Amino acid sequence: MILAKVIGTVVTTIGHSDFKHRRLLVVQPLVMEGEKADDDFVALDASHAGIGDTVLINREGGGARQVLKNPDAPVISVIVGIVDSINIG
Amino acid sequence: MLLGRVEGSAVCSVKYPGTEGLKLLIVQPLNRHLEPVGALQVAVDVVQAGAGDICLMVRSREAALAMPDIKFVPVDLALVGIVDELSVHPDSEFDFVLKKGVNPFA
């Protein structure tokens, strides 16, 4: 899983049925100082995350389908947690 | 999943069995500022997107899962939503860098 910041929202009325009734959030992965930032991407919210939240994202389809309880969901990235703090040794 | 813009369409008369009838669109992957990221790609459309539409796409096996009927076809990029609204806050509002020690967010 990766750590990212929620920076925006995406609204799609016409879309695949498995994306209905779920919020789509634009997220930017976090990096350590001096590292090059990864590309931003879109994740499905499963934790009621809001703009500015630091979140935990599962980027694997199998896990996403488990969270959504839907064996055919074409979803890869799902927000599975909201992070309060991170301690790096 | 990622954002993209439909740039055109592709027609293949000779295709892998099972992929007949799947509409192929030329798409340009985009970042949050709708700037191009990487080269043009071909995506299978399942939502009847048109040229110029900003769309939501999904890659790898999940793209094959998005197909209407036959689920396991050699498709690795599917267009699964047409974006009506994209609102992104400016980067200046956020800190994307993790530091050694405690990073409090709450």
Side-chain angles (χ1 to χ4, degrees), chain A residues 3-20 22 24-35 37-44 50-57 59-62 64-65 70-78 82-89, chain B residues 1-4 29-35 37-38 44-50 53-69 71-72 75 77-106:
Chain A
L3 294 163
K5 196 78 86 173
V6 177
I7 60 173
T9 56
V10 174
V11 174
T12 59
T13 40
I14 303 167
H16 190 278
S17 54
D18 293 335
F19 285 85
K20 291 248 178 311
R22 293 271 180 178
L24 285 164
L25 300 173
V26 182
V27 295
Q28 169 62 46
L30 303 184
V31 285
M32 290 297 288
E33 284 159 317
E35 279 178 10
D38 292 335
D39 289 339
D40 51 82
F41 59 92
V42 178
L44 206 68
I51 305 281
D53 280 351
T54 299
V55 291
L56 201 61
I57 301 181
R59 296 200 71 182
E60 193 275 328
R65 284 187 284 287
N70 175 352
D72 283 335
V75 175
I76 294 180
S77 307
V78 177
I82 298 178
V83 179
D84 294 327
S85 76
I86 296 167
N87 187 357
I88 300 177
Chain B
M1 289 84 76
L2 63 153
L3 297 168
L30 303 172
N31 65 15
R32 60 178 176 275
H33 302 306
L34 301 184
E35 293 149 355
V37 172
V44 171
D45 174 32
V46 296
V47 287
Q48 282 73 44
D53 282 350
I54 302 294
C55 51
L56 181 72
M57 306 191 295
V58 64
R59 281 208 175 94
S60 73
R61 176 171 181 258
E62 282 61 39
L65 280 174
M67 292 303 104
D69 33 50
K71 292 295 181 191
F72 280 99
V75 165
L77 183 60
L79 199 152
V80 288
I82 299 174
V83 174
D84 297 306
E85 213 183 283
L86 171 68
S87 80
V88 178
H89 287 227
D91 294 358
S92 53
E93 277 183 29
F94 310 103
D95 177 5
F96 298 121
V97 178
L98 291 170
K99 301 173 188 60
K100 281 227 183 292
V102 177
N103 294 259
F105 298 119

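Since the structure is predicted, the reported quantities are computational estimates derived from the model, not experimental observations. Residue numbers start from 1 in every chain, and the chains themselves are labelled A, B, ... in the order their sequence lines are given, proteins ahead of strands.
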*Heavy-atom contact with chain B under 4.5 Å, split by part of A:R59*: neither

*Contacting moiety of B:I82, where chain A heavy atoms sit under 4.5 Å*: both

*Can you name the salt bridge (Lys or Arg N to Asp or Glu O under 4.0 Å) partners of B:D91, sequence neighbours left out?*
B:R32

*With no hydrogens and no angle check, is any side-chain donor or acceptor of A:D40 less than 3.5 Å from a backbone partner on B:N31?*
no

_I'd like to check B:F96 versus A:L30 (side-chain heavy atoms, cut-off strictly below 4.5 Å). Are they in contact?_
yes

*Taking all non-hydrogen atoms of both residues into account, name the closest pair between A:V26 and B:V88 and its distance.*
CG2-CG2, 4.3 Å

*Which answer fits B:V37, side chain, backbone, both or neither, if we ask what part of it has an atom under 4.5 Å from a heavy atom of chain A?*
side chain

*Where is the tightest heavy-atom contact between B:F94 and A:V6, given as atom of each residue plus distance?*
CE2-O, 3.7 Å

*asked:* Heavy-atom cut-off 4.5 Å, strictly under: side chain, backbone, both or neither for A:A73 against chain B?
replied: backbone

*Any idea which of A:D39, A:V83, A:V75 has the most non-hydrogen atom pairs under 4.5 angstrom with chain B?*
A:V75

_Partner chain A: residue of B:V97, B:V46, B:D84 with the largest heavy-atom pair count (under 4.5 Å)_ = B:D84

*asked:* To check you understand the geometry: which heavy-atom pair defines the closest contact between A:P74 and B:A66, and what is its length?
replied: CB-CB, 3.6 Å

_Contacting moiety of A:L3, where chain B heavy atoms sit under 4.5 Å_ = side chain

*Which portion of A:T54 sits near chain B, non-hydrogen atoms under 4.5 angstrom*: side chain

*Identify the two heavy atoms, one from A:F41 and one from B:M1, that lie closest to each other, and give their separation to 0.1 Å.*
CB-O, 3.4 Å

